[in-house]
Amino acid sequence: MPGHASDPIDHPLLHNLNAPQREAVRHARGPLLILAGAGSGKTTVITRRIAWLIEEEGVHPGSILAMTFTNKAAEEMRERVERLVSVPAGQMWVSTFHSFCTRILRREGERTPVGRDFVIFDPSDQKSLIKQVLAELKLPEKQYHPKKVLELISDFKNRCLLPEEAREEALDPWTRRVLEAYDLYQKGLKNHRACDFDDLLLWTERLFRDPVVQAAYGERFKFILVDEYQDTNRAQYLLVQHLARHHHNICVVGDEDQSIYGWRGADIRNILDFQQDFPEAVRIELLQNYRSTEKILDAASQVISNNSQRVEGKGALKTDLGVGEAIHFKLADEGRLESEWVVQRIQELRYLDPDAKVAVLYRANWQSRQMEEALRAQNMAYRLVGGVKFYERQEVKDLISYLRLISNPFDLVSFRRCVNAPTRGVGPTTLGKIEAAIPEGGTPLEGLAALLRSGELKGRAQRELGKFLELFRRAETEREALGLAGLVKWVLQESGYLQSLEDEATLEAEGRIRNLEEFLSAAAETESMGLRLSEFLDRITLAADTDQIEEAAHLSLMTIHCAKGLEFPYVFVIGLEEDVFPNRNARETPEGLEEERRLFYVAITRAQRRLTLSAARRRRVMGTEMLSMPSRFLRELPSEALTAPIRWGTEIYQAGEGVRPGSSFSRGAGGGSVATELQRIRSFFDKVKEVPTPSSHEADPTHEPEPAEKQDPNAFAPGTRVKSARFGVGTILAASGRGDGLTYTVRFDHGGDKRIMARFGGLERG
DNA sequence: TTAATGGATTTTTTT
DNA sequence: AATCCATTAA
């Protein structure tokens, strides 16, 4: 509680703030945990706190470090602080974790395997490298799906494990092979002088293990602030710990109910355990919501109360914005009708309020298509966020590959890309020859030069590749004079890329040229900010879609993940069906389900005035017609918050009631006997999971196998090899539940994890 | 070497 | 339905 006498009530930095917000702003030294509910004025508090430190505590801006997850958040934070303080604050470090790490590595990188002049690999570069590795190890992509393999590698990296350190986790053959791939993949990155996204964190964390480096930065950053702390993974957590160790002035801000990046390695326990990490921490809860009306908040808190992974003893969100409108729900017969209905509602509210800002939110990107079709049919303008990103378009990537190779001649992935864009008659054969000609420790261009000298190539290839090589020679000398934008334009022309698109003379090519022009102006803009080529390239790879959302857009279509941190007067959430939302793959584990629920919570709390939910009874998914079941989250909505009870066909589907037995099982999706059986098993799973799991989470590895063994002499401990008639041979990863609910997670040798119930699965020791 | 064809496979979310 | 891949024809 802030005292009265000493309270400088009228301090401008405390203006219009409630009591806990003021307390947070004025907290100067020592660890601070700010639990900031949705819409609780978090950014205001953070920025004013930083300003307070500078203005009132006399802290030098250069000793402040603030970490965010998106560039947009970082920019906004910096701008707002700069407006609040009277001194120049340009020396503050306000950035995303990833750009912070990039900055550190560009300074200290000679201590890491990739040095200081690395390129940042984006997901498509990663994919082509891992494919190469898998081919080298003769691992078939069928079983070692590049995406799956990269996921596991990313998982290891997020937990700061290098290949040799992850060995003890590789109990089964599949993981062991992936580990070999991981090892080769890292070597490949090193040869390319490249970091993937995860490496940025990983190498920086390694760097900070060195007491000298750690002390240098730990001393420098006297005040550290981490936004969205609930989304930090192990690497980010350790990074923060290394730095905070020195001054203990660590302020973390977050909301465990909005933790939606578990699949990316985020560990919700980081925020849940903050007070254990820093026992002297002060905890402040921001519970006053300034965004939504009561009905919306009631629905949100009712939904989220079904989760067990929450901070203990946290209060509920409050609002002064009045009761507000009840939540609408629409069930359409078919997916197309659902989007048409939504479009109609948008048109109606547009008619009443032409400037209304509307968002349509969905679980997965594919769901945007139907909305787009319906909108286009009505000639309505919209902004689609996500999907194929600008910097990932083919033509843009082609151009970037030239720039990357100019910036870092070791980048073989980029070389491969641009050497045949536009086509220069280089196929796998020629490419193989070039790569074979690369001298030990040399660059691809040196390999190409050697091959050209040998005179092995003939005709078009020899001629074109000669010009190609010459291009890079000239780039070296002209780079400085041309400047960034000049260089981009020069490459576009001299490479013949622009010409080849012009020759195509199709509508598509025209669009690509436009994109390249847009890229050129982005380069010009960057140049005017005084940035150089390598910095431009960093920015491009680390740019996210969400960074470009104009809040001014009238109608936005985006995933819920993209919508985090945003607010809209009118929000539609579509596709509230089982297997869509909650997503089919997330439903398998209690943790996955809780994360889906948090996602729903995030979706609800985006709405300021009106929230509309919708679903479709039938829908085409991947070309086949599916019957859908209502999302279980619909049942968690309080009836008082809804305009009408939710009906699904003839059933009333509402809080506490559930679907009456007997009716739901008979109408299985697809209707076949296998599907019916599957559904029976699924609903069984669901019942099992409805029982709140008493935080079995922490105890998992040590305690779980024990009770299982007592119950059943045939129980399998993690690591046991088992055989299943349906899936083949695999290794037990974990066990959960007991008695009839005893369920194993099994990693099968052909790849892929499955959760199998001991009772049905027919697992044998194998 | 490249374009075209047919078949398999896919949809979770992203710095 | 739409994309991605591998094989085949030119």
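Each chain gets a letter, A, B and so on, in the order the sequences are listed, and its residues count up from 1.
- Within a 6.0 Å sphere centred on CZ of A/R416, other residues, nucleotides and ligands contribute more than 12 heavy atoms.
- Taking each heavy atom of A/Q309 and A/E594 in turn, the nearest pair found is N-OE1, 3.1 Å.
- Across all strands, A/N420 comes closer than 4.0 Å only to sugar-phosphate atoms, never to a base (heavy-atom distances).
- When all heavy atoms of A/H192 and A/N408 are compared, the pair lying nearest together is O-ND2, 3.3 Å.
- Here B/dT13 presents its P atom at 16 Å from NZ of A/K564, a figure rounded to the nearest Å.
- Nucleic acid contact class of A/T430 (heavy atoms, under 4.0 Å, all strands): sugar-phosphate only.
- Each of A/E578, A/E625, A/E338 was evaluated against A/R619; a single residue qualifies, A/E338, per the salt bridge (Lys or Arg N to Asp or Glu O under 4.0 Å) test.
- Within 4.0 Å (heavy atoms only), A/F69 reaches sugar-phosphate atoms of the nucleic acid but no base atom.
- Going from the C1' atom of B/dT11 to that of C/dA6 covers 23 Å, rounded to whole Å.
- Every residue meeting the side chain to side chain contact (heavy atoms under 4.5 Å, CB included) condition with A/A66, not counting sequence neighbours, appears here in chain and number order: A/I50, A/M77, A/V94, A/L225.
- Counting non-hydrogen atoms of other residues, nucleotides and ligands closer than 6.0 Å to CZ of A/R336 gives a total of 12 or fewer.
- Close to B/dT15, at under 4.0 Å from its OP1 or OP2, lies no side-chain N or O of A/T541.
- Of the two residues near DNA chain B, A/L599 and A/T429, the one whose nearest nucleotide lies more 5' is A/T429.
- A/L337 and A/A332 make their closest contact through C-CB, 4.0 Å (heavy atoms, listed as atom of the first residue, atom of the second, distance).
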For nucleotides 5-10 of chain C, which of its nitrogen or oxygen atoms have a protein nitrogen or oxygen under 3.5 Å away, and what is each distance?
{"residue": "C/dC5", "atom": "OP1", "partner": "A/K131", "partner atom": "NZ", "Å": "3.2"}

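- If you measure from atom CZ of A/R619 to atom P of C/dA1, you get 15 Å, rounded to the nearest angstrom.
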TODO: Summarise protein proximity over nucleotides 7-12 of chain B in one line of letters, 5' to 3': B for base, S for sugar-phosphate only, - for none, counting protein heavy atoms closer than 4.0 Å.
DONE: --SBBB

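- Using atom C1' as the reference point in both B/dT12 and C/dC5, the two lie 23 Å apart (nearest Å).
- Protein atom CG of A/D199 is 18 Å distant from nucleotide atom P of B/dT15, rounded to whole Å.
- Judged by distance alone, with hydrogens and angles left aside, the side-chain atoms of A/D411 form a donor-acceptor pair with the main-chain N or O of A/S414 at under 3.5 Å.
- To the nearest angstrom, C1' of B/dT15 lies 12 Å from CD of A/E392.
- Between A/D538 atom CG and B/dT15 atom C1' the separation is 14 Å, expressed in whole Å.
- Ring centroids of A/Y182 and A/Y144 are separated by 6.0 Å or more, keeping the two rings apart.
- What separates CG of A/L431 from P of B/dT2 is a distance of 11 Å, to the nearest Å.
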